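Note that this is a predicted model, so its numbers are computed, not measured. In this chain, numbering begins with 1 at the start of the sequence shown.
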Amino acid sequence: MASSGEDMPTGGAAAPAAAAVADGAHLLGFSDEILLHILSHVPSTDLVLNVRRSCRRLAALCLDRSLTHTVLLQQDYEASEDKVKQLVREIGREVQQLSMAGCYWLSGATVEHVARCRGLVKVNLAGCHLTSLRLSKMLSALQHLRSLAIDVSPGFDASQLSSECKATLSRVRELKQTLYTPSYGVVPCCTSLEKLLLYFEILDRTREGTVLSGQLMVGQSNVPHYQNLRVFYARLAPGYINQEVVRLYLAVLSDRTPENLHAFLISVPGSFAESGATKNLLESMARNVALDALQLPKSWLNGAALLQHMKFSRPFYFSFSRCALSGGHLIQRVLNSGRDLRSLASLNLSGCAHCLAPDSLLRKAEDDIDSGILETLVAACCNLRHLNLSAAHHHSPEGPGRHLCQLLARLRHLRSLSLPVCAVADAAPQADRAPAPPALHAVPCGFGKKVRVGVQTCPLPGQAGPQPASVFWSLLKSVPFLERLELIGSSFSSAMPRNEPAIRSSPPPCSRAQRVGDSEVAAIGQLAFLRHLTLAQLPSVLTGSGLVSIGLQCQQLQSLSLANLGMLGRAVYTSALSDMLPHCKRLKDLRLEQPYFSANAQFFQALSQCPALQRLCLVSRSGTLQPEAVLAFMARCLHVVVCHLFTGESLSTCRSLQQSLLRSFSGRCFPDD
């Protein structure tokens, strides 16, 4: 569709402009349908406040209901207070779904403007500053609301919620509630709940040092109503107080298990002992409901016959992370001796050391898996999209067609895959295998080095080099649409874990992991649709040359996490990483965990060529950094909002760098805190 006359230049410039449109070079030469698709990728604030003012045609398209129906402001760090207020004034009546998740820089007064979007059906305010009174005032105006996400912080008082607010909450069917204090929050007011998502982030002590207790909730007149509940999900951060509070939520659930419950998921770090209430709940679920999704703490499943009595209708999600689940239990109680589980989309067997092995009290974790068990699993769950087999030793036996990678290659629908490093190693030792043919190499311009004879390198971009003979390469070729890949050493432990206690000395890598090196890393370059990549504890990485192949070919890569690659005495892949980064134009998140890493000018110069980068985290014991390079990097990369540098530098150096950053950014316009 040609653009209207008012969008085009007049006079002598009309002919060249028309020719440009005819050649397809002018944006307005596209049809409305194509333009709407393009505009759907523009942040809402830019769309309404900037693009809309460019011409009459775009002004009309920017107000199309397909673009104003849903407004996403999360991680839009350029959405200042004034922009958000103006956006609400312009299109507030049209918005039906709004997400302000994580907009911590917006004041409560600005968030309160959400009340003007009276047609809202779904709103996410997690991470926003809200008092009980402001929340009450806002929800009182949103009579059509059906989905809500909020934080419950210290000082929350449900008695301050007005009757109009409670009337709105009584119609809410989906609630996501993050708890920072022991409380039921707004759950007792949501009498029509069908989906409840709870996140427990309560600290054991207040800032003043007072020890918190879940007993603060005992005796509250209002308790949750679960009679219509279909989905119950709870994720706990470490700490006894979170376990104490979630028990109070579960106690109500155990009194009367909802008949329509289809998904029951509890994610707990570490151990979580059963209680009388939880046992009653599980027994009631086994008798009265048929589940589609199940995740339980490992202590609730270990040594119990619970799975044998559970009923499943059309399961789509199973998580048995770190459970003592043997291969026999997996086949008999979960797969029901190979029944059809084509509906299952996600299976998490992380940390299940014996899930692919027959029942045996004498079996060691390093023994070979039973290929028959894995073959049964693959045949029964042929439509799996997400599979996690990490944090365990899964060693394949010798023999054609029996390797774990060869069997997983049959899962053509996989979109995310997490494996231990030792699982992708060829079954035969290196000495018994024919060496892989050498690959051609071209070092990209910028940080190039001369090619060293005898060092394995990566192929030229666009040139098909000799195909490696490894089973891992064949697996990745069979799942070309993989979007997330994690290759993590079976004994790896992060120096700064999120939900587990930190361990200063982790066990050495598995012996079979020594067979996985640069060529296997280079094989990942086949995954053209890869968005998220994690590589951890690969001791045989010599130069990191495979990273360059990933940078050249995985153009969709958005997050990259590298930890403990090669020898821990020095970072062997620094040069290769500097060659890789300039090609990662869509990279948003980079996390590096490597002892003795040198964050020098070369590294930060390469990193500054990632125009989409927003978050950087570097954890390096005995590592070094150059403060001048950090300052230059932050000056060039205007979209970086998180920069965490944990190195071996002195405290005075870190404080000096922090002060320099604050001074250099004092004149830059940021969203208000």
Side-chain angles (χ1 to χ4, degrees), residues 40-51 67-139 141-142 145 147-156 165 168 172 174-181 185-186 197 199 201 235 558-559 588-589 612-617 637-644 665 668-673:
S40 68
H41 296 277
V42 179
S44 298
T45 50
D46 281 340
L47 194 70
V48 176
L49 305 182
N50 297 324
V51 179
L67 300 179
T68 60
H69 175 276
T70 301
V71 173
L72 305 177
L73 297 179
Q74 75 268 23
Q75 297 183 359
D76 184 0
Y77 298 104
E78 297 183 2
S80 64
E81 304 233 348
D82 291 337
K83 286 183 178 181
V84 172
K85 293 176 183 178
Q86 189 175 353
L87 179 69
V88 172
R89 285 196 298 267
E90 298 272 358
I91 62 170
R93 295 182 179 180
E94 308 297 329
V95 180
Q96 295 188 23
Q97 296 187 23
L98 173 64
S99 176
M100 300 176 70
C103 293
Y104 58 87
W105 60 87
L106 298 179
S107 65
T110 300
V111 176
E112 193 175 331
H113 279 66
V114 171
R116 298 185 180 184
C117 305
R118 295 184 178 273
L120 273 179
V121 176
K122 182 176 183 179
V123 62
N124 188 336
L125 302 174
C128 295
H129 301 291
L130 281 175
T131 63
S132 305
L133 290 175
R134 278 209 166 99
L135 179 65
S136 177
K137 182 179 179 180
M138 185 190 313
L139 296 184
L142 305 178
L145 195 65
S147 177
L148 174 66
I150 60 169
D151 293 347
V152 177
S153 302
F156 177 84
C165 172
T168 297
V172 169
E174 178 179 333
L175 175 65
K176 176 185 175 183
Q177 186 171 263
T178 304
L179 295 164
Y180 294 97
T181 187
V186 299
L197 310 176
Y199 296 80
E201 299 284 347
R235 191 191 72 184
Q558 295 181 8
S559 71
K588 295 182 179 180
D589 298 271
L613 190 69
Q614 295 181 351
R615 288 170 288 274
L616 168 65
C617 180
C637 298
L638 303 182
H639 296 289
V640 173
V641 293
V642 175
C643 183
H644 289 164
F665 293 150
R668 187 184 297 180
C669 294
F670 290 102
D672 296 332
D673 290 334

> Side chains of V111 and H113: does their closest heavy-atom pair fall under 4.5 Å?
Replying inline: no
>> Are the side chains of K588 and H639 in contact, using a 4.5 Å heavy-atom criterion?
In response: no
> Can S107 and E81 be said to form a side-chain hydrogen bond (donor to acceptor under 3.5 Å, both in side chains), step by step?
Replying inline: CA-CA 8 Å; S107 65; E81 304 233 348; 3.0 Å; yes
>> Give me the atom names and distance for the closest heavy-atom approach of L613 to R615.
In response: CD1-O, 3.8 Å
>> Looking at K85, I want to see if its NZ is surrounded by more than 12 non-hydrogen atoms of other residues, nucleotides or ligands under 6.0 Å.
In response: yes
> With M100, which of V71, V84, D76, T110 fulfils side chain to side chain contact (heavy atoms under 4.5 Å, CB included)?
Replying inline: V84
> Within the side chain of T45, is there an N or O that forms a donor-acceptor pair under 3.5 Å with the backbone of A79?
Replying inline: no
> So do the side chains of L67 and H69 get within less than 4.5 Å of each other, counting heavy atoms only?
Replying inline: no
>> Check whether Q177 reaches the backbone of V186 with its side chain - one donor and one acceptor, N or O, closer than 3.5 Å.
In response: yes
> How long is the span from the CD atom in Q614 to the SG atom in C643, to the nearest 0.5 Å?
Replying inline: 13.5 Å
>> Quick check for you: to the nearest 0.5 Å, what is the distance between C165 atom SG and M138 atom CE?
In response: 10.0 Å
>> Checking F156 now: which residues fulfil ring-ring contact (aromatic ring centres under 6.0 Å, His included) with it, not counting sequence neighbours?
In response: none
> Are E201 and T178 linked by a side-chain donor-acceptor pair shorter than 3.5 Å?
Replying inline: no
>> Between D151 and S153 (side chain of the first, backbone of the second, donor and acceptor by atom type, cut-off under 3.5 Å), is there such a pair?
In response: no
